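Small disclaimer: the values here were computed from a predicted structure and weren't measured. For ligands, and for the atoms within them, numbers begin at 1 and follow the listed sequence.
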Amino acid sequence: MDVPIVQKILKANDDLAGDVRSLFEAHNLTAVNLMSSPGAGKTSLIEAALPLLTANLRVAVIEGDPETALDAERIAIHNVPVVQIETAGGCHLEAHLVKKALDQFDLNVLDLVLIENVGNLICPAEFDLGESYRVAVVSVPEGHDKPVKYPKVFRMADAIVLNKADLLPHVPFDTATFDESVTRLNPRAPVMRTSCMDNTGIDAWTAWLRSRIVREATI
Ligand code: MG
Ligand code: ZN
């Protein structure tokens, strides 16, 4: 693919992302795009937050995966509207896919849409989905060097989550180097340590999501 074609694809995506963003804004709706490598725990972080959020917020979830509806099936157990986007091997979500998924929801009765991107630390950073906020998730077994190797996702994030913190005593992960590198890459994003195994940091993660809500809670 030569450069002009890539630019054309990104421009078409940006235009559609603008439409999606307008749609969210028109409904006073917050949308959060979760990005990480495969297996960092995005679905688990959503599952951990849902029972706390849905006490007084109306949440819907869009799941992106190359194949299967396994993650949507996990989310559906929590009784929230969920749409699975199967990208048929595609390695990131694009705005037109999100726009289509939104047709399945009644945006008038939602406060928050959580969008779980395809597990990939590279191209999700290139494709605006019209989201209000972006979260970069990295897990302890991946190693402390991921932010410096894949800086773009971390630079553009509004929050950074270090998941699987319960594994810190068991694997070589230099927390000082990690903290220093993410702060250097992105001084404005809060960095939260979480574990969906022992619930470390789930309150802080949920509180951060809640603090992004535009609409007054109505239920
Ligand atoms: Mg997942
Ligand atoms: Zn991709």
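Looking at Glu116, its N, O or S atom nearest to the Mg ion (ligand 1) turns out to be OE2. Nearest N, O or S atom of His92 to the Zn ion (ligand 2): atom ND1. Within Asp71, the N, O or S atom lying nearest to the Mg ion (ligand 1) carries the name OD2.
With hydrogens and angles disregarded, no donor-acceptor distance shorter than 3.5 Å links the side chain of Asp65 to the backbone of Glu67. Panel note: side chain Glu47, backbone Leu45; no donor-acceptor pair is recorded below 3.5 Å. Not one N or O on the side chain of Asp128 forms a donor-acceptor pair closer than 3.5 Å with the backbone of Ala95.
Partner of Val61 under the side chain to side chain contact (heavy atoms under 4.5 Å, CB included) criterion, out of Val82, Asp71, Leu34: Val82 alone.
Here the angle at the Zn ion (ligand 2) defined by SG in Cys123 and SG in Cys91 stands at 110°, rounded to 10 degrees.
In summary, Ser44 places no N/O/S atom under 2.8 Å from the Mg ion (ligand 1), failing the contact criterion.
Crowding of Tyr150 atom OH: a count of heavy atoms from other residues, nucleotides or ligands under 6.0 Å not exceeding 12.
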